[in-house]
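Worksheet: one structure, shown below.
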There are 2 protein chains.
Amino acid sequence: MERHTETEQKIIASAEKLFYQKGKAGTSMQDIADDAGINRTLLNYYFRTKDQLFDAVFRTAMGRFVPALAELLHSDMPIEEYIPVMIDRVITAMIEYPQIPAFVLQELNSNPDRLPQVIKEMGIDPDVAMKKMEREERGALKSDIDPRQVIISLLSMCIFPFAARPVIREVLYGGDDDAFIEAMEQRKKLVPLMVRQIMLMKNPIP
Amino acid sequence: MERHTETEQKIIASAEKLFYQKGKAGTSMQDIADDAGINRTLLNYYFRTKDQLFDAVFRTAMGRFVPALAELLHSDMPIEEYIPVMIDRVITAMIEYPQIPAFVLQELNSNPDRLPQVIKEMGIDPDVAMKKMEREERGALKSDIDPRQVIISLLSMCIFPFAARPVIREVLYGGDDDAFIEAMEQRKKLVPLMVRQIMLMKNPIP
DNA sequence: GTCTATATTGTGATAGAC
DNA sequence: GTCTATCACAATATAGAC
C-alpha cells in the first residue's frame, strides 16, 4: 500500500523523535533535517510545510495507542471482561512509546481545536459512549459507583505513570529505569486487580 | 517581603497564562507583552531574558501544587492517615490550576535537566523517600502490595484526569465542563475510598 | 521606568540549477 | 530527488533618548 522512500522514512523517524521530545514549536525544520542527516529543503519537498509534517507525526502518535482505548468504549461485551486485556494492551503500548502521553496531552491542551479530529480518529461517538456508560451502570458492573469514575481511574493508573515517568523513576525508584519498567510490567497484572477492588465498592457516595 | 510593581505583576500573570497554554517555545515575548498590554522591551527590563522569565513562571507553577505532594513522602505519620487530606488538597489545587499538570510534565519531558531542581524544590530527598517506602511495607499498610504501586495509583487518580481534561470532558461528560468539575469534586471523597480498597488487597503478586 | 530604533540571528518556505 | 541561493519575516536582545 504505502509507498515510502528511505528519505521519507528517515524524516518521519526524526520528526517523531524530536516532536515527542521538544514539541511542535520547540522543534525547527533544521533540527529535524540535522537529526535525519539530510538537507533541510527536502522536508519541504516531501511534506510541503511544517504543519503538514507535524500532522503526519501526530496522526502516527495517536495510531500507536488510541485503538486500545477506543475498543474499551465500543464493545458490546460487558466491560468487566475487557478490562484485563485492555490494560495489558495500553501499558504495553506505553512501554514501547513512553513519550506519547505527555506529547498528546500537551498538544490537546495548547490546541483544543484538534480534539474533534482525535475523537473522530478514535472512532468514538461520544453519545454512544455515554449511553453505554449509563447502561453499564445497572449491568455487569454490579456496583453503585458511577462507571465513568471507574474508567477515569483505570486510564489514570495506566497512562499517568508514563507521563510522569522522570519524576516517578527518580523519587520512587532511585533513578533506576530498569526498576521502573519492571514495576510497570507488574502493573499489567496489578491494575486489573485494583480496578476489580474499586468496582466492588458499595454505596461509595450516597 | 516581595516588592513587585504593578507592571511586573501583569507580566507574570500573562506569562503564566500563555506558557501554561502554549508552552515555552510556543509563546513569544511579544505575545506576553500584548496580553499584558505593555511594551515588549519591558519584559527584558524586568527579567533580562526569556529564559529567566520562564524560570520564574515554572517556579511559580511548582509552588502551586508541589507542597501537597511533598508532604505525602515526608511525614513520619502512618501514610494511611494522610491520604484523605492529601487527596483533597491535590484535587483542590488541580481544580484551581487545571493546566499545570500537563505543562510541568511536558517541560520535564523535554528538559530533563530540570528534574533535580524540581526535586530539590519539592524538598524531597529521594533516598529518604525510598527508605520510608520500605518501612511502610511492613508497617501501617497491612498489605502485601508494594507501597510504591499504591502511591503511583493514588497520584495517577488525582492528577491524570486534569492532564487529560479536554478528552475526558468531551467523551465521558458530553462536553459539559460543570459536569466534569462536579465529578472531580466527587473524587475528593471517592479516591480515598478507592485507595483504601486497593490497600486491602492480599497477595496481589505472588 | 518606559519608549523608539536597531542589531543580529533563526526560521519557514520557494526558485531554479543539476 | 537533491542541492545552493535567496527571500521575507519573526524572534530575542540591547543601546540610547526621554
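Convention: sequence-line order gives letters A, B, ...; per-chain numbering from 1. These numbers come from the heavy atoms of this one structure, side chains and all, not from hydrogens, waters or symmetry mates.
Remark: A/Y97 pairs with A/R64 by the side-chain hydrogen bond (donor to acceptor under 3.5 Å, both in side chains) rule, at least two apart or across chains. Applying the side-chain contact (heavy atoms from CB on, under 4.5 Å) test to B/V90 and every residue at least two apart in sequence or in another chain returns B/A68, B/L69, B/M94, B/C158, B/I159. Legend: residues meeting side-chain contact (heavy atoms from CB on, under 4.5 Å) with B/A25, ordered by chain and number and at least two apart, are A/A25.
Put simply, chain A comes within 4.0 Å of DNA chain C, heavy atom to any atom, from C/dT11 to C/dT14, going 5' to 3'.
B/N39 and B/T41 share a side-chain donor-acceptor pair at under 3.5 Å. Residues A/K188 and A/T92 have side chains that bring a donor and an acceptor to within less than 3.5 angstrom of each other.
With salt bridges taken as basic N to acidic carboxylate O contacts below 4.0 Å, none links B/D31 and B/K17.
Atom CD in A/Q30 sits about 14 Å away from atom C1' in D/dT4, given to the nearest Å.
Residue pairs meeting the side-chain hydrogen bond (donor to acceptor under 3.5 Å, both in side chains) criterion with at least one member in residues 155-164 of chain A: none, sequence neighbours excluded.
Relative ring orientation between B/Y20 and B/F103 is described as tilted, the plane-to-plane angle lying within the 30° to 60° band.
The stretch residues 34-51 of chain A touches DNA chain C through A/R40, A/T41, A/N44, A/R48, A/T49, A/K50, each having a heavy atom within less than 4.0 Å of the strand.
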